[in-house]
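Notes to accompany the following structure.
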Amino acid sequence: MKDKTAYCCSGCGGVFPKWSGQCPDCGDWNSLGETAAVTKTMKNTRFSGYAGAVPTPQVFALSDIEPSLKQGVSTGISELDRVLGGGLVTGSVILIGGDPGIGKSTLLTQAMAKFSGQLPTLYISGEESPEQISMRARRLGLPCDGLRLLSETCVETILKQAAIERPSVMVIDSIQTVYTEMLQSAPGSVAQVRESTAQLVRFAKQMGTAIFLVGHVTKEGTLAGPRVLEHMVDTVLYFEGEQGSQFRLIRTIKNRFGAVNELGVFAMTDKGLREVSNPSAIFLSRHQKEVPGSAILVTREGSRPLMVEVQSLVDESHLGNPRRVTLGMEQNRLNMLLAVLHRHGGIGMFDQDVYVNVVGGVRITETAADLPVLMAVLSSYRDRPLPHDLAMFGEVGLAGEIRPVPSGQERLQEAAKHGFKRVILPRANAPKRNIDGVEVTAVDRLSDALDAI
Ligand code: TYD
Ligand code: MG
């Protein structure tokens, strides 16, 4: 019998029989950690995804398979349903990541309390004692007669108990506190987190239990481990938002059962997390007066349009290499947009520092922000405010053209709903029929947009 341990690189995931100071694959220093070696018998159970895997593999026709997974059981919290892709799927494993103190335990306690009325539930906490959890639930006024608690960190014991309790929904708070007896390394290490998760995933698939895994984000902004968890689970949700602000956003990073980039919006109150059903309102900081450097954009997060304010500050630079600072969007994108503005708009910013911020801690991941970002930059540069009833969206191409973005009509309606009277949009997104009270300016090229304001 060979050694049961192997060494796994936390950077690239490579597995080696011997420890060394530098990973032979990716060259990272000091990244090898202990892990369980994959023996022949384990291979079957681990990689089939289902324990006690079929001895002779069977090939199916797609049409012969009757889905046994139940789609979309509502969590009772509609913003959470939205990011899950319509509700909770039986047997799915969901990873919820976020900074400490952002509200992961609060959200899951609330969701589990709602579930406990109709389904068997089990809340496993390695961080808080049952008293602490019960105190919180009581303070939030949650009905929790059916909610079962377990304070345990050994995954083998957890699964033994879970097999007796047979919950439909289970929470592991948090995955970093859980360890498996198979390994000697400390809880929270990459190997421990990965092995424990693998066992939990197997359990979920076998028993049809939906499992929420809470994961802390490290200082570098990733979940402990080289994102090893992300491809083991079905759904990955991340809490976003600033600690100081009351609002909490949950974004879908990966979802095997629904769309990604869905955004759920919550507000942290003294009664726990409250859903925000009209999020556009909170991201618009309506200034008393029109201010230079501010533009309103209609973005789309998952399936919902959202009005967001982009702010920019352009200031004379005393550096050889002027600053380009972005918060809430990609910096390369800003560099590119400034190049397009110079080349096709004739306005150079090579002696200016440019700062761009998306208000409310929102992160823009789509190209519809291009035009509004340029307009905000220009507005600050010229020190001339944009009209306060103007909203816009559109992608800017390298040839100086304004390219269409998906769901133009929906975005236009969202702007109209929030009382915007003027909208600048790509020509290809121009509506066939006019919307009452909204003056639509369709533009083809950057120069048209510059003329329009
Ligand atoms: P928590 O859910 O414990 O965070 P996590 O599990 O992500 O680490 O949330 C803790 C924070 O939320 C804490 O700073 C206090 C705040 N909070 C409220 O403001 N109101 C409440 O009703 C609750 C329960 C927490
Ligand atoms: Mg917690």
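Start at 1 and go down the list; that is how both ligands and their atoms are numbered.
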**Request:** Not counting sequence neighbours, which residues clear salt bridge (charged side-chain N to carboxylate O under 4.0 Å, His left out) with Asp389? List them please.
**Result:** Arg422
**Asked** Going by heavy atoms in the side chains, are Arg363 and Thr365 under 4.5 Å from each other?
**Response** yes
**Asked** Should the pair Glu165-Arg148 be classified as a salt bridge under the 4.0 Å nitrogen-to-oxygen rule?
**Response** yes
**Item:** Contact atoms of ligand 1, heavy-atom distance to Arg139 under 4.0 Å
**Value:** 21 (C), 22 (O), 23 (C), 24 (C)
**Asked** So does Arg251 pair up with Glu262, basic N to acidic O under 4.0 Å?
**Response** no
**Asked** Does a side chain donor of either Thr180 or Glu195 reach within less than 3.5 Å of an acceptor in the other side chain?
**Response** no
**Item:** Closest approach of any protein heavy atom to atom 8 (O) of ligand 1, naming residue and atom
**Value:** Gly101 N, 2.7 Å
**Fill in**
Near Gly272 (heavy-atom distance under 4.0 Å), the atoms of ligand 1 are 21 (C), 22 (O)
**Prompt:** Within less than 2.8 Å of the Mg ion (ligand 2), how many protein N/O/S atoms are there?
**Reply:** 1
**Request:** For atom 3 (O) of ligand 1, grab the closest protein heavy atom and report residue, atom and distance to one decimal in Å.
**Result:** Arg136 NH2, 3.1 Å
**Prompt:** Is atom 24 (C) of ligand 1 less than 4.0 angstrom from at least one protein heavy atom?
**Reply:** yes
**Message:** Do the side chains of Arg333 and Asp370 get close enough for a salt bridge, i.e. N-O under 4.0 angstrom?
**Reply:** yes
**Prompt:** What protein heavy atom is closest to atom 16 (C) of ligand 1, reported as residue, atom name and distance in Å?
**Reply:** Met268 CE, 3.9 Å
**Request:** Please determine if Ser105 has a nitrogen or oxygen closer than 3.5 Å to a nitrogen or oxygen of ligand 1.
**Result:** yes
**Prompt:** With a 4.0 Å heavy-atom cut-off (strictly under), which part of Leu107 contacts ligand 1: side chain, backbone, both or neither?
**Reply:** neither
**Request:** Locate the shortest heavy-atom distance separating Pro187 from Thr177; write the atom from each residue and the value.
**Result:** CB-O, 4.0 Å
**Request:** Would you check if there is a donor-acceptor pair between the side chains of Arg274 and Thr269 at a distance under 3.5 Å?
**Result:** no
**Message:** I need the contact type for Pro100 against ligand 1. Using non-hydrogen atoms and a strict under-4.0 Å cut-off, is it side chain, backbone, both or neither?
**Reply:** backbone
**Message:** Using the rule given for side chain to side chain contact (heavy atoms under 4.5 Å, CB included), can you reason through Met349 versus Arg324, listing the C-alpha separation, both sets of side-chain angles and the distance that settles it, and then say yes or no?
**Reply:** CA-CA 10 Å; Met349 303 248 169; Arg324 304 283 181 251; 4.3 Å; yes
**Prompt:** So which protein heavy atom does atom 4 (O) of ligand 1 come closest to, and at what separation?
**Reply:** Gly103 N, 3.2 Å
**Request:** Select the closest option to atom 2 (O) of ligand 1 among Ile133, Asp270, Thr106, judged by heavy-atom distance.
**Result:** Thr106
**Prompt:** Should we say atom CZ of Arg323 is surrounded by more than 12 heavy atoms from elsewhere, each under 6.0 Å from it?
**Reply:** no
**Request:** Establish, from distance only, whether the side-chain atoms of Ser317 and Asp353 form a donor-acceptor pair under 3.5 Å.
**Result:** yes
**Request:** Before signing off on this row, confirm whether Lys104 and ligand 1 have an N or O atom pair separated by under 3.5 Å.
**Result:** yes
